[in-house]
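Chain A is the first sequence line, chain B the second, and so forth, proteins listed ahead of strands; every chain is numbered from 1.
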Amino acid sequence: MPELPEAETLARGLRPVLPGSVIRRTRVLHDDVLRMPARRFRRDLAGRTITGVGRRAKNVVLELDRGEGVLLVNLGMTGRLVPMGFEGGPPGRPTHPAIRFGFGEGRGLVFDDTRRFGCVEVLDARDWEERSRSIGPEPLSDGWRWSRLHADLQASRTPLRNWLLDQRRVAGVGNIYANEACFRAGVRPDRPARAVEEAEARALHRGIREVLRSGIRYGGTTLRDYRNARGEPGRNQRRLRVYGREGEPCLRCGTPIQRIVFGNRSAFFCPECQR
DNA sequence: AGTGTATCCTGCAGGC
DNA sequence: TGCCTGCAGGATACAC
């Protein structure tokens, strides 16, 4: 579920709330969301202060004191972060709590994840730097240019949609926004990456940025589970042009949107507008 | 290097 | 109402 815009929206909602909180207690209800032994996880977090909230790719990054370590949260398909006991409204009780962080004075944070495909881990500064380096460029950063995208695409013949989902190539793009970006670029999602021409790479670069910015502007896309820090759904789902619209008319030309499956996942496109 | 497949897990919608 | 199938925003591992 949560792709870059959803993680960004969540991080923005947590930023005014969490910093300054001291992790006094960590309860692991489902250890399968941890990438490390529960004992070490709890020990690494004990007594540490959350100093900031950021995002990298689809991850929410809770920055920690004592050496710039981070608590890295990947939301998977159904993950949520629910602040508890802060003013600004109780966002409803978590239905599938996996980890509970207690800050004292009745406050805390719950990592809630129905399917538990998400994961949570603590990394020290060195490991975090190394991990971040293994992830591709942030598509909304100034440094990410269409020429780089075009050059990188030439190195692969995997289908464009799959290429976009690979976090080592570009950060934060998931199945919804990948399909939407392909539509805006007028390129079929199953076209080999290296067959994307220069002008198309420009359009794709622009399309990726547009769909991600739209996602952020409208508070994320909620198909079912996504909620921001206040427990509210996003509004971007109304702006999707192809994703989930199989058989419905293309908003540009009226041709029925097609769904095909490859790489084990659905892809949606307009056979008329996308070549 | 690429693809297809399977895995982790739960819930929901639709067909009968 | 119940049972079954298929599907879901992610990430990874495997055989070929």
Within residues 169-182 of chain A or reaching into it, pairs that qualify as salt bridge (Lys or Arg N to Asp or Glu O under 4.0 Å) - sequence neighbours excluded
A:Asp166-A:Arg169
Spacing of A:Gln154 atom CD relative to B:dA1 atom P, expressed in whole Å:
17 Å
Ring-face cation contact, A:Tyr218 with A:Arg239, 6.0 Å cut, 45° max
yes
I'd like the P distance from B:dC9 over to C:dG2, given in whole Å.
26 Å
Residues in ring pair (Phe, Tyr, Trp, His ring centres under 6.0 Å) with A:Phe268, at least two apart?
A:Tyr243
Using the 3.5 Å cut-off, write out each protein N or O paired with an N or O of nucleotides 13-16 of chain C and the distance between them.
none

A:Phe111 has an atom CZ; how far is it from atom C1' of C:dG10, in whole Å?
11 Å
Not counting sequence neighbours, which residues clear ring pair (Phe, Tyr, Trp, His ring centres under 6.0 Å) with A:Trp144? List them please.
A:His205
Expected list for residues 10-21 of chain A: side-chain donor-acceptor pairs under 3.5 angstrom, two or more places apart:
from, atom 1, to, atom 2, distance (Å)
A:Arg12, NE, A:Glu8, OE2, 2.8
A:Arg12, NH2, A:Glu8, OE2, 3.4
A:Arg15, NE, A:Val53, O, 2.8
A:Arg15, NH2, A:Val53, O, 2.9
A:Ser21, OG, A:Leu18, O, 2.8

Could you spell out the base pairing of DNA chain C in dot-bracket, with Watson-Crick or G-U pairs whose two distances are under 3.5 Å, [ ] crossing and | to another strand?
.|||||||.|||||||
Pairwise salt bridge (Lys or Arg N to Asp or Glu O under 4.0 Å) hits with a residue in residues 17-34 of chain A, at least two apart
A:Asp32-A:Arg116
Could you name each residue pair satisfying salt bridge (Lys or Arg N to Asp or Glu O under 4.0 Å) that touches residues 242-251 of chain A, not counting sequence neighbours?
A:Arg245-A:Glu248, A:Glu246-A:Arg259
At under 4.0 Å between heavy atoms, which parts of nucleotides 5-11 of chain B does protein reach? Answer with one letter per nucleotide, 5' to 3': B base, S sugar-phosphate only, - none.
BB-BBBB
Nearest-angstrom distance, P atom, C:dT5 to B:dA6:
15 Å
When rounded to the nearest Å, what value does the distance between C1' atoms of C:dC4 and B:dC8 take?
22 Å
Expected output: side-chain A:Arg80 to main-chain A:Asp225 donor-acceptor under 3.5 Å
yes
By a strict heavy-atom criterion of less than 4.0 Å, which residues belonging to residues 156-175 of chain A are in contact with DNA chain C?
A:Gln167, A:Gly174, A:Asn175
Could you pull out all residues at least two apart from A:Glu272 that satisfy side chain to side chain donor-acceptor pair (under 3.5 Å)?
A:Arg275
Any salt bridge (Lys or Arg N to Asp or Glu O under 4.0 Å) pairs touching residues 143-160 of chain A, not counting sequence neighbours?
A:Arg148-A:Asp152
